[in-house]
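Worth saying up front: this structure is predicted, and the values here are computed from it rather than measured. Just so it is clear: chains get the letters A, B, ... in the order the sequence lines come, proteins before strands, and each one is counted from 1.
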Number of protein chains: 2
Amino acid sequence: MSATQIDAVTLDGAGPLYDQIRRAVRDLILAGTWPPGTAVPPEHALMEKLGASRMTVHRALAQLAREGLILRRRRSGTIVASPPASHAMLDILSIPQEVRELGQAYSYRILQRRDGKAPRELSDRFELGRSATIAHLTLLHFAGGAPHVLEDRVIHLATIPQAADESFAETPPGDWLLQNSLWTQAEHAISAIAAEPHEAELLKIDAAAPCLLVERRTWNQAEPITAVRLLYPGGRHRFVGRFGPYGAV
Amino acid sequence: MSATQIDAVTLDGAGPLYDQIRRAVRDLILAGTWPPGTAVPPEHALMEKLGASRMTVHRALAQLAREGLILRRRRSGTIVASPPASHAMLDILSIPQEVRELGQAYSYRILQRRDGKAPRELSDRFELGRSATIAHLTLLHFAGGAPHVLEDRVIHLATIPQAADESFAETPPGDWLLQNSLWTQAEHAISAIAAEPHEAELLKIDAAAPCLLVERRTWNQAEPITAVRLLYPGGRHRFVGRFGPYGAV
DNA sequence: CCTTTTTATTTGCATATGCAAATCTCGCTT
DNA sequence: AAGCGAGATTTGCATATGCAAATAAAAAGG
């Protein structure tokens with residue numbers, strides 16, 4: 001396996017050697033060519049293949065290890081790390097996990113699903129480009145039997161075609177996507193709005209009660225993956241993040 | 001100046017040498033011993049003082065440079081960097097800046113100020129410890145003449161005694177604190193609430209309209225600096241953050 | 001067969017050395 | 001005085017070398 005995969009490492013000649021090596025390996029990981037768990041060639045192999053000294057190769061890999069892209073252990077070697085499940089700041093990527101961390105039982109129900117060409121309203125709202133083929137889902141998540149959050153999701157089927165054949169009966173789409181796609185960019189927007197009457201009814205809150213609206217979109221490189229609109233009853237939820245001026249602590 | 005300051009760099013003998021050096025320098029910066037702009041001793045000076053090789057010193061400083069704590073230029077030397085003004089994720093540290101980036105004129109008004117022992121309600125709300133001496137300010141920020149955000153702030157005078165003599169007539173307390181204090185930790189909490197009647201009146205919005213509540217607390221090491229409660233009219237505001245799985249992009 | 005010991009591989013750390021690039025300083029020339 | 005050029009200082013990069021620590025795999029012993 002290592003004989004074939006090492007040929008994928010190619011330098012672009014731009015900038016310092018250690019940085020070329022760092023980017024070459026990083027790009028193979030981000031492109032999915034080396035999925036999590038893959039063995040990265042040992043330093044001496046990269047050294048021969050690339051004609052660099054071990055210290056230079058080491059410098060590149062040590063930096064990737066600090067950034068969390070790879071895991072290194074003496075004698076065992078280096079493997080590609082799994083993307084961190086959660087992020088320091090305001091990251092609620094998995095609703096089941098979020099609910100269980102509150103010590104409550106989790107369940108969910110799919111209210112509606114419709115696949116096909118995106119109507120203009122949706123493609124505009126999510127900036128997906130006109131006439132994109134999408135899966136459109138509406139779900140309600142429960143914490144201990146009570147409504148927790150209302151989810152409105154669009155999945156871009158050109159990027160994730162497998163999603164068309166997935167029922168999401170076992171795993172809600174957010175978690176399924178985390179496992180079945182690779183994202184490199186995400187955007188969060190948080191705002192406060194009053195619930196619409198039908199939304200208030202589903203969430204079992206007063207009509208026009210204040211709600212926290214989280215809109216998240218994710219991409220792999222330039223390809224849109226998914227866009228989601230999460231509506232949380234305002235009184236019950238707060239998003240907390242802790243950090244320092246030089247990055248997450 | 002370099003002769004005196006270099007003696008401040010002392011190693012603790014724990015862990016790899018390059019990391020001891022890295023932490024020693026970092027701690028001097030975070031403690032404020034070397035404020036922004038201070039010249040960090042050149043590599044050869046640290047090398048002699050610490051008995052390490054230049055490569056080892058270089059490794060420590062190069063890492064601090066990557067982290068943004070110091071700025072390095074050939075021949076000019078190394079200086080302590082100013083803390084980054086803004087942060088990738090949901091960081092609205094300066095309201096004047098935030099308003100001006102929207103292309104609107106900024107102004108503010110102090111509604112109330114009271115200094116002294118914190119009443120229980122405030123010390124509890126901000127977890128400042130009973131009987132802390134504080135400055136308590138309420139202000140309203142305007143964007144283009146219209147109310148933008150309502151601010152309710154507590155400053156811990158034991159940590160920032162200069163704040164007692166500052167009128168905040170020129171600079172609102174948030175920005176003043178950014179310039180006059182050094183923070184190492186911050187905590188954000190975001191939630192949605194309905195405005196209280198008097199708040200709605202000040203912000204000129206409908207009573208009980210949904211609002212975004214941002215509560216932020218900052219510390220230097222373990223010392224609390226300030227706690228603030230920012231109430232944004234919900235319809236007009238969203239907080240957006242963009243990032244990748246391995247950190248801000 | 002199971003356990004212990006040895007060996008080999010791989011990463012981690014530190015040093016010494018050399019050269020290159022940037023740029024500040026100073027002195028020289030006009 | 002102004003501009004130019006040479007030299008000095010400081011960081012950046014890369015190499016070669018050696019040893020140490022961790023640990024997987026193989027060998028030895030019961």
Item checked: Protein-nucleotide distance (Arg72(A), atom CZ; dA24(D), atom C1'), rounded to Å -> 17 Å
Item checked: Nearest listed nucleotide, side chain of Thr56(A), among dC19(D), dT15(C), dA14(D) -> dA14(D)
Next item on the list: Report the distance from atom CZ of Arg59(B) to atom P of dT15(C), rounded to the nearest whole Å.
Entry: 11 Å
Margin query: By nearest heavy atom, map Gly77(A) and Asp19(B) onto DNA chain C; which one lands nearer the 5' end?
Written below: Gly77(A)
Next item on the list: Would you tell me if any nitrogen or oxygen in the side chain of Ser76(A) comes within less than 4.0 Å of OP1 or OP2 on dT9(C)?
Entry: no
Item checked: d(CE, Met47(B); P, dT11(D)) in whole Å -> 12 Å
Next item on the list: For Gln162(A), look at atom CD and say whether over 12 heavy atoms of other residues, nucleotides or ligands are found less than 6.0 Å away.
Entry: yes
Next item on the list: Specify the separation, in whole Å, of atom OH of Tyr18(B) and atom C1' of dT11(C).
Entry: 12 Å
Next item on the list: State whether the distance check finds a donor on one side and an acceptor on the other, under 3.5 Å, for side chain Arg75(A) versus base dA8(C).
Entry: yes
Check: Arg66(A) CZ to dT11(C) P: how many Å, rounded?
Finding: 16 Å
Next item on the list: Name the residue closer to the 5' end of DNA chain D, choosing between Leu17(A) and Leu61(B) according to the nucleotide with the nearest heavy atom.
Entry: Leu61(B)
Check: Within a strict 4.5 Å, meaning less than it, do heavy atoms of the Ile95(B) and Glu151(B) side chains meet?
Finding: yes
Check: Does a side-chain N or O from Arg73(A) land closer than 4.0 Å to OP1 or OP2 of dA24(D), or not?
Finding: yes
Next item on the list: May I ask you to verify if any side-chain N or O of Arg74(A) is less than 4.0 angstrom from the OP1 or OP2 atom of dT23(D)?
Entry: no
Next item on the list: Taking only the side-chain heavy atoms of Ser53(B) (C-beta and beyond), determine which of dT15(C), dT10(D), dT23(D) contains the nearest atom.
Entry: dT15(C)
Next item on the list: Specify the separation, in whole Å, of atom CD of Glu43(B) and atom P of dA8(D).
Entry: 20 Å
Next item on the list: Heavy atoms only: give me the nearest Gly68(A)-Ala81(A) pair and the separation to one decimal.
Entry: O-CB, 3.5 Å
Margin query: In the structure I gave you, are the side-chain heavy atoms of Ser181(A) and Thr218(A) within less than 4.5 Å of one another anywhere?
Written below: no
Notebook entry, point to check: For the pair made of CD in Gln63(B) and P in dC13(C), what is the distance, rounded to whole Å?
Noted result: 10 Å
Notebook entry, point to check: Given that Arg54(A) and Ala62(B) both sit by DNA chain D, which one's nearest nucleotide is further toward the 5' end?
Noted result: Ala62(B)
Next item on the list: Pick base, sugar-phosphate or nothing for Gly51(B), based on heavy-atom distances below 4.0 Å to the nucleic acid.
Entry: sugar-phosphate
Notebook entry, point to check: When His148(B) is tested against each of Gln104(B), His141(B), Glu98(B) for side chain to side chain donor-acceptor pair (under 3.5 Å), which residue passes?
Noted result: Glu98(B)
Note to self: Nearest to the Met55(B) side chain among dT15(C), dT10(D), dG12(D), which nucleotide is it?
What the structure shows: dT15(C)
Check: Taking atom C1' of dG12(C) as reference, at what distance in whole Å does atom NE2 of His44(A) sit?
Finding: 16 Å
Margin query: Please pick, from dG12(D), dA14(D), dT11(C), the nucleotide with the shortest atom-to-atom distance to any side-chain atom of His58(A).
Written below: dT11(C)
